[in-house]
Participant: 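Here's a structure for you.
Since this is a predicted model, take the numbers as computed values, not measurements. Throughout, protein chains are lettered first and strands after them, A, B, ... in sequence-line order, and every chain is numbered starting at 1.
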There are 2 protein chains.
Amino acid sequence: MAEPRGTDRDPEAVSRFVEHFAAQLVEAGLPRMPARVFAALLASDTGVMTSAELGEQLRVSPAAVSGAVRYLAQQRMVSREREPGSRRERYRVHGDQWYEALTNREAVIRRWEDALREGVTSLGEHTPAGRRLAETLAFFEFVEKEVEAMMDRWRAHREERFGCG
Amino acid sequence: MAEPRGTDRDPEAVSRFVEHFAAQLVEAGLPRMPARVFAALLASDTGVMTSAELGEQLRVSPAAVSGAVRYLAQQRMVSREREPGSRRERYRVHGDQWYEALTNREAVIRRWEDALREGVTSLGEHTPAGRRLAETLAFFEFVEKEVEAMMDRWRAHREERFGCG
DNA sequence: CCTTAACTTCACAATGTTCTGAAACGAGCG
DNA sequence: CGCTCGTTTCAGAACATTGTGAAGTTAAGG
């Protein structure tokens, strides 16, 4: 059986996965270039790639890589590290870190909650509309707590399944 | 104290909330017009509006309403009902139904999982990249189960808090 | 049936978004 | 201290998205 190992990976297979997975991320709302960069990192053996490598694999300009990476770093989906003794930069998708980022739609949820609270107040908390908004708000507050607990359970689950695998 | 009731709602306050909340939804990836329509429904007293009412409140053409509503219905975020004895259509945001829709990023997650499975196979499940993809896949499978349980808990919580006033 | 009200579809115009090439920047090295 | 490699910034072109007006479709009511 021909299972890719080490350096002899089929670049076409990699590219096929990268583009397909990126397309799904785009559909879910991620901008295109960040999605492609992220997928490329995820599919790399080390989880680390330089700007040049990313540009080559995706056939895009350094400028595009720069923009995508800035976006991903802001979302905490990748981290950037300077390669010692060189002016190259390396981008890394850190196993755990990025799940956290995904569930860190928290920042987004927080904003929804604020808007809803304001709505409850300005429409009146005893109007039918106000009550609907209040219930929606309660839902998000509930979810926020639950997600936190869920991530704890995931870490335990993960430890068990992959920690000593 | 002057709390809005019945028909005498301050249209400007409503509009302010609608536009603000819609903006947050847009930021989270929802297309603009669907977001506005949805926010308008959420902020209505009955949770039901006609195409004409939506067009008037949002100052947009019937065509725009039509497109937005089709989108929302596909995402299961609103339901459409024909008003008996009239050719008007009414659009409703059903209290519970739309939380389900939100967590029905499930459809999205399912597609991610498919793409990841394919990646694990084509890159080889014992390569470093393959292992990373496999772990990511495991995470989503975990989340999928957890979300289901969470929604059960929410329904209970909701019943307790809102069910009996 | 024919009229008409309501919704939908379609082509196009307006508007945004996204990537590129070129120029500016800055950190390491001679 | 200036050269050079790598990254970033920026203006603009290519591209995609979105909403409109107008024509088309469907069904209620005369």
Participant: What is the distance, to the nearest angstrom, from the CD atom on E83(B) to the C1' atom on dA28(D)?
Facilitator: 13 Å

Participant: Can you run through DNA chain C from 5' to 3' and write each base as (, ), [, ], | or . depending on how it pairs? Watson-Crick or G-U wobble, both distances under 3.5 Å.
Facilitator: ||||||||||||||||||||||||||||||

Participant: Could you list where the contact with chain B starts and ends along DNA chain C, reading 5' to 3', using a 4.0 Å heavy-atom cut-off?
Facilitator: dT4(C) to dT9(C)

Participant: Ion pair present between R117(A) and E113(A), side-chain N to carboxylate O less than 4.0 angstrom?
Facilitator: yes

Participant: Does R155(B) come within less than 4.0 Å of D152(B), counting only side-chain N to carboxylate O?
Facilitator: yes

Participant: With a 4.5 Å cut-off on side-chain heavy-atom distances among I, L, V, M, F, W and Y, is there a chain of contacts connecting F38(B) to V48(B)?
Facilitator: no

Participant: May I ask you to test the S15(B)-E19(B) pair for a side-chain heavy-atom distance under 4.5 Å?
Facilitator: yes

Participant: Any side-chain heavy atom of Y71(A) within less than 4.5 Å of one from L30(A)?
Facilitator: yes

Participant: Under 4.0 Å between a side-chain nitrogen and a carboxylate oxygen: does that hold for E12(B) and R16(B)?
Facilitator: yes

Participant: Does this structure show an ion pair linking R88(A) with E53(A), if we count only N-O contacts that are shorter than 4.0 Å?
Facilitator: no

Participant: Evaluate the ring planes of F140(B) and W98(A), with Trp represented by its six-membered ring, and classify them as parallel (under 30°), tilted (30 to 60°) or perpendicular (over 60°).
Facilitator: perpendicular

Participant: How does protein contact run along nucleotides 2-20 of chain D, one letter per nucleotide 5' to 3', with B for base contact, S for sugar-phosphate only, - for none, heavy atoms under 4.0 Å?
Facilitator: --BBSSBB--------SSB

Participant: Quick one: are Q57(A) and V14(A) in side-chain contact, heavy atoms under 4.5 Å?
Facilitator: yes

Participant: Salt bridge check: are R110(A) and E144(A) linked by an N-O gap of less than 4.0 Å?
Facilitator: yes

